[in-house]
Amino acid sequence: MRCVIARFPFDLTKSGVLASMKDVRPEPVTDASVTIGRRTYPAKQVGRVVTGQDPRDFSASEVVRAMTRLGFTCRTALSATGPTGPQSPIERASALLGAQSGT
C-alpha cells in the first residue's frame, strides 16, 4: 500500500513491517503507539525503522494513520492512557470550580 510519511511516498505492506520490526526491541511508550505482533512500539520508533527517516521529520499521527490502514492496532496518546478526569457531571463541575470531589 502506498503511504505518504513526511511528504515522501512509501510502498508498505503488513508483512514488510512485521519483518522490519521483528528483531527490534520496543522503546518505552509515552505517546502514540503501534502494536505489532505481541509488542507495542512508540509510533515514532516504528516510523524510524520502517522509513529510515529521522523521527523529527514526521509526526506520530502520520505513522498511526499508515499503520492503521495496514491493519495494525494503534493508540493515540489519549487512548493509551485512558480517560483522565472526573467522570460524573458533579465531579466535572467540581473540578472546573476548583473544589475537591467528595467534600
Side-chain angles (χ1 to χ4, degrees):
M1 178 182 60
R2 194 161 195 75
C3 302
V4 176
I5 299 175
R7 299 179 312 274
F8 290 98
F10 293 93
D11 287 318
L12 301 176
T13 62
K14 188 168 187 171
S15 60
V17 172
L18 286 167
S20 296
M21 299 302 293
K22 182 179 178 185
D23 295 323
V24 177
R25 174 176 273 175
E27 297 170 356
V29 175
T30 58
D31 196 10
S33 64
V34 180
T35 302
I36 299 174
R38 296 183 306 190
R39 296 179 174 180
T40 301
Y41 298 89
K44 290 275 205 167
Q45 181 183 15
V46 174
R48 183 183 71 231
V49 171
V50 171
T51 67
Q53 294 182 320
D54 188 308
R56 295 174 290 187
D57 294 338
F58 56 86
S59 68
S61 63
E62 290 177 289
V63 177
V64 166
R65 185 172 39 253
M67 295 300 117
T68 299
R69 288 179 58 200
L70 287 173
F72 293 103
T73 302
C74 301
R75 290 188 171 82
T76 60
L78 181 60
S79 67
T81 60
T84 58
Q87 296 302 311
S88 75
I90 293 172
E91 289 174 333
R92 241 187 327 266
S94 294
L96 289 172
L97 293 172
Q100 293 184 7
S101 60
T103 56

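Basis for what follows: all heavy atoms, side chains included, without hydrogens, waters or symmetry-related copies.
A66 approaches M1 most closely through the heavy-atom pair O-CE, 3.8 Å. The heavy-atom pair separating V50 from L12 by the smallest distance is CG1-CD2, 3.3 Å. The nearest pair of heavy atoms linking E62 to A6 is OE2-N, 3.0 Å. The two atoms that bring G37 and L18 nearest to each other are N-CD2, 4.4 Å, heavy atoms only. Shown here for P28 and P42, the closest heavy-atom pair between the two residues is O-CG, 3.5 Å.
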Between M67 and Y41, does a side chain to side chain contact (heavy atoms under 4.5 Å, CB included) hold up when you go through it step by step?
-> CA-CA 12 Å; M67 295 300 117; Y41 298 89; over 6 Å; no

Going through the distances and angles, do F58 and K44 end up as a side chain to side chain contact (heavy atoms under 4.5 Å, CB included)?
-> CA-CA 8 Å; F58 56 86; K44 290 275 205 167; 3.8 Å; yes

F72/V17 under side chain to side chain contact (heavy atoms under 4.5 Å, CB included): CA gap, chis, key distance, verdict = CA-CA 10 Å; F72 293 103; V17 172; 3.8 Å; yes

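Residues T35 and R75 have side chains in contact (heavy-atom distance under 4.5 Å, counting atoms from C-beta outward).
Under a hydrophobic clustering in which Ile, Leu, Val, Met, Phe, Trp and Tyr are joined whenever their side-chain heavy atoms come within less than 4.5 Å, directly or via other members, F10 and M21 fall into the same cluster. Hydrophobic cluster membership differs between V64 and V24, with clusters built from Ile, Leu, Val, Met, Phe, Trp and Tyr side chains linked at under 4.5 angstrom. Both V63 and V49 belong to a single network of hydrophobic side chains, linked directly or stepwise wherever heavy atoms of I, L, V, M, F, W or Y lie under 4.5 Å apart. Neither V4 nor V46 shares a network with the other; the hydrophobic side chains, linked directly or stepwise wherever heavy atoms of I, L, V, M, F, W or Y lie under 4.5 Å apart, form separate groups for each.
Between the side chain of Q45 and the backbone N or O of R25 there is at least one donor-acceptor pair closer than 3.5 Å.
With values rounded to the nearest 0.5 angstrom, R2 atom CZ is found 11.0 Å from R69 atom CZ. Interatomic distance, CD of E27 versus CZ of R48, reported as 4.5 Å (0.5 Å rounding).
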